[in-house]
Amino acid sequence: MENLGGKYNGAMQQRAGRRVVLFPVPLEGHISPMLQLANILYSRGFCITIIHTCFNSPNYSKHTNFTFHSIPDGLLESEASTADIIAFLALLNANCATPFRDCLAKLLSDSSEEPVACMITDAIWHFTQAVADSFKLPRIVLRTSNVSSFLAFGSLLLMQEKGYLPIQESRLEAPWTDHPPLKFKDIPVINTRNPEVFYRVLSDMLKETKVSSGIIWNSLEDLEQSELISFGQDFPIPVFPIGPLHRYFPASSSSLLTQDQSCLSWLNTQARRSVLYASFGSLAAFDGSQFAEIAWGLANSKQPFLWVVRPGLVRGSEWLEALPTGFLEAINGRGHIVTWAPQQEVLAHPATGGFWSHNGWNSTLESICEGVPMICLPNCGDQLVNARYVSHVWKIGIHLENRLERGEIEKAIRRLLLGTEGREMRDRIMDLKEKVHLSLRHGGSSYQALDSLISHISSF
Ligand code: UDP
């Protein structure tokens with residue numbers, strides 16, 4: 001874990017009295033990186049105010065150094081569901097505009113508070129750019145995913161404008177020549193009731209990022225150098241690739257769900273690098289038959305596994321009712337199932353040998369940081385791009401290529417945990433892990449980007 005503590009005292013004097021207002025999108029994969037960024041800025045001497053929605057409110061008691069302001073998000077109980085993530089995000093952008101503006105106006109007019117230097121809002125909160133402009137306050141964007149998928153979203157929009165979407169079934173395996181080595185099937189589409197809303201949310205996100213006062217990436221130059229150059233050609237704004245954000249402070253405590261610590265004592269009983277950790281993040285969902293294939297793939301591999309089955313992972317089931325008959329007998333104690341794990345600690349545990357992931361960007365980055373090779377099962381959006389980079393660019397994972405079938409799963413697990421191929425992937429990911437580690441040390445790329453970010457905010 002990197003240590004920023006030494007910077008604290010000098011920084012405090014230098015920047016005493018400047019406040020930064022942050023506004024996270026209330027989803028697991030977005031709220032944690034924003035709170036991690038808040039911790040980093042606090043350690044560099046800024047006062048921190050977090051504006052947040054009532055939905056998925058952060059736990060104040062875990063962040064006693066920050067000031068929190070809650071705004072009404074107007075979500076009805078029936079709407080506070082993330083099953084259609086695009087409809088959900090569009091609704092939140094519409095509902096939060098006025099409450100956010102009112103909250104900010106109050107903050108800015110409160111003379112007992114430190115003056116606000118700037119606001120930092122998630123790229124998805126596109127309406128906040130107009131609010132920032134109206135108060136003549138600089139807005140810096142936090143993009144919690146990576147540069148390659150952001151570029152792919154831009155190209156997706158161009159293809160949509162030219163009428164090239166959707167891609168014919170027969171062409172899905174063909175290379176997407178704008179983005180080697182992506183294939184057409186990796187175009188980061190997100191299924192939604194109304195695709196027009198998806199294109200509008202994307203287009204607003206890109207447009208408002210372009211006119212912002214800068215962008216912070218939870219990524220790093222050593223992973224995405226050429227992608228950062230391409231981004232700079234289209235987006236003439238200051239860029240701060242300071243990631244991975246979760247490496248600045250000990251395992252983040254900002255998880256919205258309660259992490260079951262029993263995983264760690266169970267891992268303690270397992271052999272070194274023997275366990276497959278399977279987890280598909282906070283949003284992915286499967287139907288009963290897909291879930292059964294996953295279960296039998298895990299069982300038939302005959303390898304120990306730790307499996308996160310989140311309530312909601314199986315559509316129409318509360319929790320484990322959809323496990324196939326005979327599964328528990330077949331695994332004979334070789335598996336441990338929990339509702340939510342302390343993922344970073346699990347990945348760092350010596351018994352963990354592989355990670356079967358949906359390739360959300362946080363999970364992918366956390367796996368790289370712990371040197372754990374992956375099996376890739378992306379579901380939608382940026383996960384499709386991340387999975388292709390993991391398997392075909394960095395070569396640190398096996399892509400399932402949508403073959404959610406027990407025999408394919410069993411083979412992939414055995415290749416990863418037992419084969420030469422798996423060992424070679426582990427060697428490559430250990431090299432990447434080292435690169436990431438160096439980027440955060442004095443003089444490294446993320447370290448320098450963070451210094452530039454601090455100067456940038458101080459200049460407002
Ligand atoms: N996570 C966790 N426990 C789990 C599964 C996931 O704490 O059992 C955390 C994980 O460490 C990561 C986040 O949830 O930081 C998931 O973010 P990601 O971007 O990977 O996926 P998303 O949930 O946004 O699809």
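Counting starts at 1 for both ligands and their atoms, following the listed order.
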Tell me, which protein residue and heavy-atom name are nearest [atom], and how many Å apart are they?
atom                    : answer
atom 1 (N) of ligand 1  : W340 CZ2, 3.2 Å
atom 13 (C) of ligand 1 : E28 CG, 3.9 Å
atom 8 (O) of ligand 1  : A341 N, 2.7 Å
atom 19 (O) of ligand 1 : N362 ND2, 2.8 Å
atom 24 (O) of ligand 1 : G29 CA, 3.7 Å
atom 20 (O) of ligand 1 : S363 OG, 2.6 Å

ring-ring contact (aromatic ring centres under 6.0 Å, His included) between F305 and W356, worked out:
CA-CA 10 Å; F305 62 86; W356 184 7; 9.8 Å; no
Do S148 and E224 have side-chain N/O donor and acceptor atoms under 3.5 Å apart?
yes
Kindly say whether A387 contributes a backbone atom to a donor-acceptor pair with the side chain of N359 at under 3.5 angstrom?
no
Measure from the side-chain N and O atoms of W125 to the backbone N and O of P24, and report whether any donor-acceptor pair falls under 3.5 Å.
yes
Walk me through whether Y60 and H52 qualify under ring-ring contact (aromatic ring centres under 6.0 Å, His included).
CA-CA 11 Å; Y60 295 3; H52 65 89; 5.5 Å; yes
Mark up the atoms of ligand 1 that fall under 4.0 Å of a heavy atom belonging to W361, in ascending order.
19 (O)
Per-atom filter on ligand 1: closer than 4.0 angstrom to a heavy atom of G360 are 18 (P), 19 (O), 20 (O), 21 (O)
Could you tell me how the ring of W266 sits relative to the ring of H336: parallel (under 30°), tilted (30 to 60°) or perpendicular (over 60°)?
parallel
With respect to [atom], which of [options] exhibits the smallest heavy-atom separation?
atom                    : options                : answer
atom 23 (O) of ligand 1 : A278, S279, G281, S282 : S282
atom 6 (C) of ligand 1  : Q259, H246, Q343, Q383 : Q343
atom 11 (O) of ligand 1 : Q36, H358, E366        : E366

Under 4.0 angstrom from ligand 1, any heavy atom of Y277?
yes
Would you check, one step at a time, whether the test salt bridge (Lys or Arg N to Asp or Glu O under 4.0 Å) holds for E401 with K185?
CA-CA 9 Å; E401 305 290 359; K185 72 175 183 186; 2.6 Å; yes
Would D186 and K183 pass as an ion pair if we require N to O under 4.0 Å?
no
